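Taking it in order: structure first as structure tokens, then the write-up.
In what follows, chains are A, B, ... by sequence order, proteins preceding strands, each numbered from 1. Since the structure is predicted, the reported quantities are computational estimates derived from the model, not experimental observations.
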2 protein chains.
Amino acid sequence: MILTVTLNLALDVTYQVPRVDWDGVNRVGGVHRRAGGKGVNVARVLAALGQEVIVMGLAGGPTGRAIEADLRAAGLECALCGIAGDSRTTLAVSETAGPRTALFNEPGPEVTPAELADFIRRYTALAAIADAVVIAGSLPRGVPIDAYATLTAIAAERDVPAIVDADGEPLRHAPKGRPAVVKPNAAELARAVPGGTLADGARALRERGAESVVVSMGSDGLLAVTGEGTFRARMPYTVAGNPTGAGDSLVAGLALGLVRPEPWPDRLRRAAALGAAAVAAPVAGEFDQDVYTAVHPLIVIT
Amino acid sequence: MILTVTLNLALDVTYQVPRVDWDGVNRVGGVHRRAGGKGVNVARVLAALGQEVIVMGLAGGPTGRAIEADLRAAGLECALCGIAGDSRTTLAVSETAGPRTALFNEPGPEVTPAELADFIRRYTALAAIADAVVIAGSLPRGVPIDAYATLTAIAAERDVPAIVDADGEPLRHAPKGRPAVVKPNAAELARAVPGGTLADGARALRERGAESVVVSMGSDGLLAVTGEGTFRARMPYTVAGNPTGAGDSLVAGLALGLVRPEPWPDRLRRAAALGAAAVAAPVAGEFDQDVYTAVHPLIVIT
């Protein structure tokens, strides 16, 4: 079982409007609501690949109940910890007859120390029986910026490998918890370790405690700095589509590499192919099986 | 007890954003969520005036649960009937540092015949013990356009006076149910009875079965065509503010006139004052008590 942790679970809402009147009344044609947050997208991809998963996270209020209902409707096992605050909604207003999409991110709930302590207790129990842990996304307000280091250390003490996909301060602190893999994209790595090349940045995160660092570089593929050496995964061609969720699909591929131990080149090939296949799917948390099958053997590892 | 009926209950959400990037990512500063729909606003005003109320309506899904939770948090007694569909959300995106507000209205749920029949059964029982019934707002999909006539007829058969605040086809059909009062605004009346003056339109609705017709005309006051004669309520001055919800506050005033029988001039004076006092309040369903007290004695009835 792979445990995915999403501390800042969200309800992702999409409004489709032919053309938006930004100072008037708009009838929304299509409404889509689904549970979101990076860890949820990772779990959806893993479940689609036949991997047993449990979705952990913090959820509260009416929005939290909507998130849990959607996860259960999708057949994802979940172990959500309640909070008093209302979980956040992210809204995308998309013009079906125009070019524009506006995103609105709510500030989200404030988590209390007692709620976080309750979560960590439950996480510790589930991490102990997991084959791997995936910790992804932003932190809700009230959670210490080194929370991901705390969670990965709990897993590491139990010899359970953890992957962290984070940005900013949570990314900078994560290596202290000895994660098996840290997965920033190029911009996130450059922010966390300013100056030098991406390989320099990856090495710096390894020196701080991360076992391996995989840097996603969009259509330029992957850079992996590992105990087995440094690898590049190059894409055979650029897949057109929606890059939202590609990183999550890639993380799902890396997580599989932890529970089915393989040489790094094989892990990277699968992860890169899953990332590309997610670009070809319209919604985060999904991937195109045909693209995955087509692109997988063509990825070049050097 | 006054029973307010809102078939198309909504969760009214407001996003406050300093200045909206309509093709990018926006951090939402303030989020407000509250139960909405015209009948809910009427009930809030009645409850604030010390009147016992019960809020009836159709609600379903996670959004329906959020609506019910907000009504209960506001101390409003409610008797909501469940539906399988998810209740609608209305979203206002308001620029705090700019002039624009965009409204997004979701299509809302489709109500099944069995769900409507269940509602009517429960409504019939509650209407029988009500002192008055207020039926307000739009119809959800799946509900017949003459539903308000059906509901008012059920009240009329039990000698319970009903007020209908509606637009379009529901307004056109409502008089058949013999409502005590129909309350269109000037534009709604002109649409329902095209051609002629507002007084002509009001008389036409009376001929079709409405006992009285009160037309709201914004800062021009009210026109009432009743069995006691035709009256005008003129405002002493224009109250500045947000007209959303003013009609609902006015309807609350008219509803009180049905349970505390008074001559029409007194009813109109109170209703007009409550409408003006709602303009001075920032949120629909609230009114400014000081404005109410100040404006009430100055309203001229002719």
Side-chain angles (χ1 to χ4, degrees), chain A residues 10-35 59-73 84-95 98-110 138 141 167 244, chain B residues 10-35 59-73 84-95 98-110 138 141 167 244:
Chain A
L11 187 67
D12 289 342
V13 181
T14 305
Y15 280 178
Q16 286 173 326
V17 180
R19 208 171 264 282
V20 178
D21 177 356
W22 298 114
D23 196 20
V25 179
N26 298 276
R27 266 172 202 275
V28 178
V31 183
H32 301 280
R33 287 187 161 81
R34 57 190 255 156
T63 308
R65 285 193 290 278
I67 290 168
E68 183 158 7
D70 183 70
L71 290 172
R72 294 197 186 280
D86 191 33
S87 290
R88 71 194 168 114
T89 294
T90 69
L91 172 70
V93 177
S94 181
E95 287 189 323
R100 299 191 295 186
T101 294
L103 297 168
F104 297 91
N105 292 330
E106 296 186 4
E110 174 113 23
S138 60
R141 292 178 294 153
D167 191 7
T244 310
Chain B
L11 188 66
D12 289 342
V13 181
T14 305
Y15 279 178
Q16 285 172 328
V17 179
R19 208 172 264 281
V20 177
D21 177 355
W22 298 113
D23 196 21
V25 178
N26 299 277
R27 267 172 201 274
V28 178
V31 183
H32 302 280
R33 287 187 161 80
R34 55 189 259 157
T63 308
R65 285 194 289 279
I67 290 168
E68 182 157 9
D70 183 69
L71 290 172
R72 294 198 185 281
D86 192 32
S87 291
R88 71 194 169 114
T89 294
T90 69
L91 172 70
V93 177
S94 181
E95 288 189 323
R100 299 192 295 186
T101 294
L103 297 169
F104 296 91
N105 292 330
E106 295 186 4
E110 173 112 23
S138 60
R141 292 179 293 153
D167 191 7
T244 309

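Judged purely by atom type and a 3.5 angstrom limit, A:Asp21 has no side-chain atom pairing as donor or acceptor with the backbone of A:Asn26. No donor-acceptor distance shorter than 3.5 angstrom exists from the side chain of B:Asp23 to the backbone of A:Arg100, with no hydrogens or angles considered. Put simply, the side chain of A:Glu95 gets close to the backbone of A:Val20: a donor and an acceptor are under 3.5 Å apart.
The contact between A:Phe104 and chain B is made by backbone and side chain atoms together, counting heavy-atom distances below 4.5 Å. Only the side chain of B:Val31 comes within less than 4.5 Å of a heavy atom of chain A; its backbone N, CA, C and O stay farther away. Residue B:Asp70 does not touch chain A at all, counting heavy-atom pairs closer than 4.5 Å. For B:Arg88, no part lies near chain A; criterion is any non-hydrogen pair under 4.5 Å.
Options B:Thr63, B:Val28, B:Leu91 differ in how many heavy-atom pairs under 4.5 Å they form with chain A, and the most are formed by B:Val28.
A heavy-atom distance below 4.5 Å is not found between the side chains of B:Ser138 and B:Asp167.
Checking B:Asn105 against B:Thr90 by side-chain atom types alone, no donor-acceptor pair falls below 3.5 Å.
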